[in-house]
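We name chains A, B, ... by the order of the sequence lines, and we start the count at 1 in each one.
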Amino acid sequence: MTLLQELRARGLLQDHTPGVEELLTNEKVKGYIGYDPTAPSLTIGNLVTIMMLVHLQRHGHTPVVLFGGATGRVGDPSGKDAERKMLDIETIEHNLAHQQKQFQHILRFDQGDNEALLTNNYNWFKDISFLDFLRDAGKHLTVNYMMSKESVKRRIETGISFTEFSYQLLQGYDFYHMYQNMGVKLQMGGSDQWGNITTGTELIRRKVSGEAFAITCPLLTKADGTKFGKSEGQNIWLDPEMTSPYKFYQFFINATDDDAPRFFRIFSLRSIEEIEQIIADNAQNPNQLKRTLAEDVTKFVHGEEALEKAIATSQILFGKGTKELLFSMSEKEMLETFEGVPTFEVEAAKFADGLSILDLLGVETQILCSKGEAKREIKGNAISLNLQKVGSDSLVVAKDDLINGKFLVVNRGKRNFHLVVAK
RNA sequence: GGGGAGAUUCCAGAGUGGCCAAAUGGGCCGGACUGUAAAUCCGUUGGCGUAAGCCUUCGCAGGUUCGAAUCCUGCUCUCCCCA
């Protein structure tokens with residue numbers, strides 16, 4: 001199976017330039033994807049294109065990660081309705097360092113003939129003067145050509161700064177530079193990047209009569225049409241400090257049934273044959289499919305050990321968990337189980353003569369925003385303490401309610417757990 | 001440059017002197033049903049208070065009034081039309 005066939009089978013192929021198939025069968029190719037350091041961590045949304053790099057490498061080619069240390073300072077208009085906020089340089093450097101670490105878990109950087117490479121376009125842009133750039137890049141493409149791109153057209157009415165307008169030229173220059181200096185012939189990315197990518201292939205053609213190639217993947221959406229990658233309005237990050245492996249695992253468990261097969265094809269490292277087999281076997285059992293999906297991805301991103309913990313926690317919280325079980329757990333077990341569950345500390349003394357449930361929820365912790373909200377939620381039967389529903393907002397939490405004398409498990413709704421630690 | 005319209009609670013959008021913490025829809029959150037899913041139905045959606053009630057909120061700053069989101073003045077911003 002060729003790379004292209006594999007990407008297609010996995011739902012990771014939207015579009016490609018002619019001749020890619022031949023290129024990939026005839027030679028070992030270096031292919032890159034650019035990532036803008038606009039956040040301290042990569043997100044699960046980024047993971048989609050990262051999978052393209054993973055498969056590229058698994059097919060014996062060389063994946064190249066390009067960090068937009070320079071272009072991240074400018075902002076890509078693609079898919080944006082409004083001008084983007086600029087980040088300061090310290091933030092960008094900081095983000096970049098973090099993202100770099102994450103890639104080291106995901107791609108293989110230590111493997112002889114096709115180890116992954118990593119570079120930063122600041123390396124070359126920092127030495128190019130504006131005049132040089134106008135001569136070397138700007139001269140070769142017409143404004144008419146640049147304006148014909150969808151990302152630009154969409155913004156012509158509402159306004160686009162010269163800076164964002166120029167973005168495709170910068171990205172195109174990246175491709176050109178890497179083509180010339182690193183032998184990179186392929187650029188991949190989300191389908192929203194098609195315009196920017198082809199600016200690159202065009203620049204390469206015009207400047208050096210070279211031929212470069214592109215592959216894009218569809219933008220991943222959920223069955224309900226909303227953007228993939230957020231949970232309760234929050235981003236799912238790949239950094240375990242920012243999104244715990246438990247939450248990460250839960251993100252997939254909570255996927256809509258209809259999405260599970262698609263997600264599974266995209267994110268599982270299993271062979272496509274095995275994937276299809278598992279999907280077929282679980283046609284009547286979507287929950288099992290989602291479990292397998294969640295396990296595969298969590299293991300891939302966070303490792304075996306983190307996965308085990310995420311599963312253990314999930315089982316206690318959603319499966320066999322009872323108040324009695326919680327009280328039978330040791331302090332160590334508690335901490336391990338609830339690692340990754342949002343945790344709040346409250347002074348132990350406050351429990352000494354009883355702490356009202358409203359103060360606990362709305363004042364002493366940020367589980368809820370206010371006492372008013374706490375009252376509403378309790379009235380709505382949403383709050384549980386140590387896995388038992390709180391029926392009255394006049395409940396007082398005393399020392400005896402603390403597991404091991406220091407823990408409280410509070411949940412709001414059936415999915416949002418919190419750990420309160422008395423200190 | 002001239003003329004017009006507008007800025008309301010997360011969003012859209014009612015409200016044109018007291019009955020307005022502000023209709024309705026969407027979203028969010030929650031409940032029921034299920035399977036930690038979707039769909040559906042239901043509830044909630046500024047803060048404090050057990051409550052009566054109090055406090056903050058309708059672009060910003062003043063003013064009129066017993067009382068203003070609603071009236072007046074100035075300011076800022078947005079949109080539309082003409083030039």
Reckon Ala255(A) touches a base, only the sugar-phosphate, or nothing at all at heavy-atom distances under 4.0 Å? sugar-phosphate

Between Gln193(A) and Gln171(A), do the side chains contain a donor N or O and an acceptor N or O under 3.5 Å apart? yes

Run the numbers on Tyr246(A) and Thr298(A) for side chain to side chain donor-acceptor pair (under 3.5 Å), then give the verdict. CA-CA 9 Å; Tyr246(A) 159 71; Thr298(A) 307; over 6 Å; no

Does any donor atom in the side chain of Glu21(A) or Gln5(A) lie under 3.5 Å from an acceptor atom in the other side chain? no

For U9(B), the Watson-Crick or wobble counterpart (both distances under 3.5 Å): none

Among G35(B), G30(B), A38(B), the one nearest any side-chain atom of Arg412(A) is G30(B)

Which one, G47(B), G30(B), A37(B), comes nearest to the side chain of Ser370(A)? G47(B)

Inspect the surroundings of NZ in Lys222(A) and state if more than 12 heavy atoms from other residues, nucleotides or ligands are less than 6.0 Å away. yes

Residue whose closest nucleotide on RNA chain B lies nearer the 5' end, Lys389(A) versus Cys369(A): Lys389(A)

Distance check needed: C28(B) C1' versus Glu377(A) CD, whole Å only. 11 Å

With no hydrogens and no angle check, just 3.5 Å: does a side-chain donor-acceptor pair link Asn121(A) and Asp174(A)? yes

Rounded distance in Å - CG (Leu368(A)) to P (G30(B)): 10 Å

OP1 or OP2 of G35(B) under 4.0 Å from side-chain N/O of Asn285(A): no

Complement of G49(B), any strand, by Watson-Crick or G-U distances under 3.5 angstrom: none

From NZ of Lys290(A) over to P of U36(B), roughly how many Å is that when rounded to an integer? 10 Å

Scan nucleotides 49-57 of chain B against the protein and return all N/O pairs shorter than 3.5 Å with their distances rounded to 0.1 Å.
unit_1 : atom_1 : unit_2    : atom_2 : d
G49(B) : OP1    : Lys371(A) : NZ     : 2.3

What is the distance, rounded to the nearest whole Å, between atom NZ of Lys222(A) and atom P of A37(B)? 13 Å

Can you find a donor-acceptor N/O pair under 3.5 angstrom joining the side chain of Glu373(A) to the base of U45(B)? no

Expressed as a whole number of angstroms, how long is the span from Asn254(A):CG to U34(B):P? 19 Å

Phosphate-side-chain proximity, Arg415(A) and C29(B), N/O vs OP1/OP2 below 4.0 Å: no

In whole Å, what is the span from the CD1 atom of Ile378(A) to the P atom of G31(B)? 13 Å

Please tell me whether Phe228(A) and Phe267(A) form a close aromatic pair, meaning their ring centres lie under 6.0 Å apart. yes

Under a 3.5 Å limit on both distances, the Watson-Crick or wobble mate of U16(B) is none

Between G47(B) atom C1' and Leu361(A) atom CG, what is the distance in whole Å? 16 Å

Who does C33(B) pair with, Watson-Crick or G-U, both distances under 3.5 Å? none

Does atom CZ of Arg206(A) have more than 12 heavy-atom neighbours, drawn from other residues, nucleotides or ligands, at distances under 6.0 Å? yes

Answer with base, sugar-phosphate or nothing: what part of the nucleic acid does Ser314(A) contact at a heavy-atom distance below 4.0 Å? base

Could a donor-acceptor pair under 3.5 angstrom be found where the side chain of Asp257(A) meets the base of G35(B)? yes

Proximal nucleotide (of C29(B), C48(B), A37(B)) relative to the Lys414(A) side chain: A37(B)

Should Arg376(A) be listed as having a side-chain N or O under 4.0 Å from OP1 or OP2 of G46(B)? no

